[in-house]
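Any value given below was found using the heavy atoms of this structure, including those in side chains, with hydrogens, waters and symmetry copies removed.
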Amino acid sequence: MTEQMTEQTLAPLSELARAAGSEAVLKEALYQADDGELFLERARGESFLWDDGRLKSASYDSDEGFGLRVVAGEAAGYAHANELSNASLKRAAAAASIAKRGHSGTLAEAPARTNARLYSDSDPLAAPSFEAKIATLGEIDAYVRAKDSRVVQVSVSLAASRKEIAIVRLDGDVRTDTRPLVRVNVSVTAEKDGRRESGSAGAGGRADYAQWIEEGHLKALADEALRVALVNLDAIPAPAGEMDVVLGPGWPGILLHEAVGHGLEGDFNRKGTSAFAGMIGQRVASPGVTVVDDGTLANRRGSLTIDDEGTPTQRTVLIEDGILVGYLQDRMNARLMGVAPTGNGRRESYAHSPMPRMTNTTMESGSMDPAEIVASLKRGIYATNFGGGSVDITSGKFVFQCTEAYLVENGKIIAPVKGASLIGDGPTSLTKISMIGNDAALDNGVGTCGKAGQSVPVGVGQPTLRIGGLTVGGAG
């Protein structure tokens with residue numbers, strides 16, 4: 001829905017659901033089902049892109065709708081619409097109820113309630129004004145260009161959204177949440193002797209714009225993007241072959257997220273398609289490796305007060321001192337596996353059914369000085385930033401491109417390298433972690449995770465790590 005909202009649509013979502021007769025519809029749809037709910041959502045979002053010295057795009061979107069789910073055994077029926085009325089609810093219920101097909105179950109109890117609030121219900125779209133945002137974009141562009149004559153292009157983007165959700169169950173239980181989200185990003189391209197290289201930096205979280213577009217913070221991001229671009233101008237071709245690799249803290253945790261985190265989601269393990277299936281209680285990583293997923297970190301991009309099924313999020317230990325101790329669970333997979341939900345049932349929007357997803361996934365600190373870890377390399381790669389990557393859940397095999405990395409020889413950083421990619425598999429890599437730094441950090445709030453066609457905001461993090469025997473793809 002892109003039209004301006006009316007006073008009626010601004011009423012609380014739960015009231016709209018009651019007015020549309022949701023109680024009677026849910027009673028029929030969930031009769032003899034194992035689980036299910038009515039999920040309602042109202043979302044607004046905006047984005048701005050300043051590129052090549054001008055405002056290239058500005059957009060505003062709004063959407064409102066519902067999704068109705070019926071769970072019976074291992075089957076789940078789901079239907080959605082962007083119009084909330086008794087007629088649309090009945091059509092959705094009829095479609096979703098096909099999942100029952102004569103099934104006779106007992107409806108699961110509602111999730112436990114929580115009094116915690118991990119972020120405010122502020123509206124990041126409310127301030128500053130449109131004019132002020134555009135002026136800020138132009139100021140950062142001018143700031144970067146004035147700092148270094150080698151800058152040939154600057155892109156600055158702002159994006160914000162505010163989502164209101166309501167989860168209605170048959171027993172009349174209603175859970176609500178209001179979720180702000182902001183992300184800012186600066187990308188810089190520099191040129192020297194006909195060679196062009198780029199760098200970028202971003203930040204964000206669940207609050208309004210104030211924290212991230214304050215002048216000092218945006219300039220710091222611009223400085224970082226410029227630094228990376230200039231580093232890459234001097235980069236030499238990356239070597240190729242098997243070697244030890246040191247990963248920096250913070251954002252390099254995206255490798256952990258992709259190569260290990262997805263393999264610890266409940267659906268893949270229930271179906272036996274994960275490399276970690278059936279391994280609870282077994283050693284899957286080196287001693288000292290502890291991996292957690294924590295959706296309760298205040299104002300973080302991946303945090304949620306409640307997940308998209310109404311379950312409060314929590315701190316879930318997945319690997320403890322190298323031993324696999326748990327998986328990430330939504331309600332359906334937890335019930336089928338005979339365990340408790342972990343608050344990881346997430347969906348992109350009302351048009352999507354929930355599934356087990358990560359929130360903020362991190363590896364905890366060890367005791368080593370990060371400088372000592374880098375100095376321990378005889379010959380290897382020190383990777384501090386990553387771009388895109390891919391992973392096969394069944395085998396755990398991954399490929400990641402480094403956007404900032406350095407060649408290390410005899411414990412000394414020799415030069416930045418260009419074109420490096422890291423190739424390996426998550427289960428093996430976990431067992432080859434030999435040194436863990438004392439500097440665990442979260443990323444700056446820029447992560448987005450894709451799974452089964454759905455994208456959700458996430459956080460990642462880790463300390464400095466040394467991993468043995470990764471394959472480095474490079475230019476020589």
Side-chain angles (χ1 to χ4, degrees), residues 147-152 187-201 223-256 259 286 363 365-389 398-424 428-429 432-441 443-444 461-476:
K147 285 206 70 172
D148 199 295
S149 61
R150 290 169 289 183
V151 173
V152 294
S187 296
V188 176
T189 301
E191 181 177 16
K192 182 176 72 172
D193 300 330
R195 175 179 176 177
R196 290 191 173 193
E197 298 290 348
S198 299
S200 65
D223 290 342
E224 175 63 8
L226 176 59
R227 182 194 67 79
V228 175
L230 297 180
V231 164
N232 287 331
L233 277 178
D234 295 324
I236 63 175
E242 186 175 297
M243 61 188 75
D244 287 2
V245 173
V246 172
L247 305 179
W251 178 246
I254 189 65
L255 190 151
L256 174 77
S286 300
M363 184 184 296
S365 279
S367 59
M368 295 291 299
D369 183 335
E372 292 181 11
I373 297 178
V374 176
S376 72
L377 282 180
K378 294 296 184 184
R379 187 173 190 270
I381 295 295
Y382 175 38
T384 61
N385 213 339
F386 287 94
F398 62 80
V399 179
F400 279 88
Q401 289 75 47
C402 302
T403 56
E404 183 182 1
Y406 301 85
L407 175 64
V408 178
E409 293 183 352
N410 297 317
K412 303 292 185 183
I413 294 177
I414 302 301
V417 295
K418 177 179 172 60
S421 59
L422 303 184
I423 304 167
T428 301
S429 297
K432 291 187 175 182
I433 294 173
S434 59
M435 304 175 81
I436 305 174
N438 59 12
D439 59 341
D443 74 289
N444 287 332
Q462 66 172 45
T464 298
L465 300 175
R466 176 170 170 167
I467 305 177
L470 287 181
T471 298
V472 177

Passes side chain to side chain contact (heavy atoms under 4.5 Å, CB included), V151 versus T189? Steps please. CA-CA 6 Å; V151 173; T189 301; over 6 Å; no
For the pair E404 and R227, evaluate salt bridge (Lys or Arg N to Asp or Glu O under 4.0 Å) and give the outcome as yes or no after the intermediate values. CA-CA 10 Å; E404 183 182 1; R227 182 194 67 79; 2.9 Å; yes
Please assess R466 against E372 for the test side chain to side chain contact (heavy atoms under 4.5 Å, CB included), listing each intermediate value before the final yes or no. CA-CA 10 Å; R466 176 170 170 167; E372 292 181 11; over 6 Å; no
Stepwise side chain to side chain contact (heavy atoms under 4.5 Å, CB included) test for L247 and Q462: CA-CA 9 Å; L247 305 179; Q462 66 172 45; 3.4 Å; yes
Test log, rule side chain to side chain contact (heavy atoms under 4.5 Å, CB included), inputs L226 and D148: CA-CA 9 Å; L226 176 59; D148 199 295; 4.2 Å; yes
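A salt bridge is defined here as a Lys NZ or Arg NE, NH1 or NH2 lying under 4.0 Å from an Asp or Glu carboxylate O, and E197 with R150 fails to meet this definition.
Partners of E191 by salt bridge (Lys or Arg N to Asp or Glu O under 4.0 Å), not counting sequence neighbours, listed by chain and number: R196. Listed by chain and number, the residues in a side chain to side chain donor-acceptor pair (under 3.5 Å) with S187 are N185 (sequence neighbours excluded). By the salt bridge (Lys or Arg N to Asp or Glu O under 4.0 Å) test, D369 pairs with no residue at all, sequence neighbours left out.
D439 and T464 are linked by a side-chain donor-acceptor pair at a separation below 3.5 angstrom, with hydrogens and angles left out of the test.
Listed for the T384 side chain is no donor-acceptor partner under 3.5 Å among the backbone atoms of A405. No side-chain donor-acceptor contact under 3.5 Å links D443 to the backbone of G461.
Between K412 and V374 there is no side-chain heavy-atom pair separated by less than 4.5 Å. Between L465 and V246, every side-chain heavy-atom pair lies at or beyond the 4.5 Å cut-off. Side-chain contact check for L377 versus E409: every heavy-atom pair is 4.5 Å or farther apart. Counting heavy atoms from C-beta on, the side chains of S200 and V228 never come closer than 4.5 Å. Side-chain contact between V408 and I414 is absent, with no heavy atoms from C-beta onward closer than 4.5 Å.
Contact record, V417 with A420: CG2-CB, 4.3 Å, taken as the closest heavy-atom pair. Residues C402 and A383 approach most closely at SG-CB, 3.9 Å, considering heavy atoms. Annotation for E224 and A201: closest pair CG-CB, 3.8 Å, computed over non-hydrogen atoms. Closest non-hydrogen pair, I373 versus I436, comes out as CD1-C, 3.9 Å. A pairwise comparison of heavy atoms in V399 and S421 identifies CG1-CB, 4.5 Å as the closest pair. In terms of heavy-atom proximity, N438 sits nearest to P370 at OD1-CD, 3.3 Å.
Remark: I236 CD1 to Y406 OH distance equals 12.5 Å, nearest 0.5 Å. Here the CG atom belonging to L470 is positioned 8.0 Å from the CG atom belonging to D244, to the nearest 0.5 angstrom. Considering CG of L256 and CZ of F398, their distance stands at 10.5 Å, rounded to 0.5 Å. The structure places NZ of K192 at 8.5 Å from CG of L230, a figure rounded to the nearest 0.5 Å. Taking CZ from R379 and CE from M243, the interatomic distance works out to 5.0 Å, rounded to the nearest 0.5 Å. Considering CZ of F386 and CZ of F400, their distance stands at 7.5 Å, rounded to 0.5 Å.
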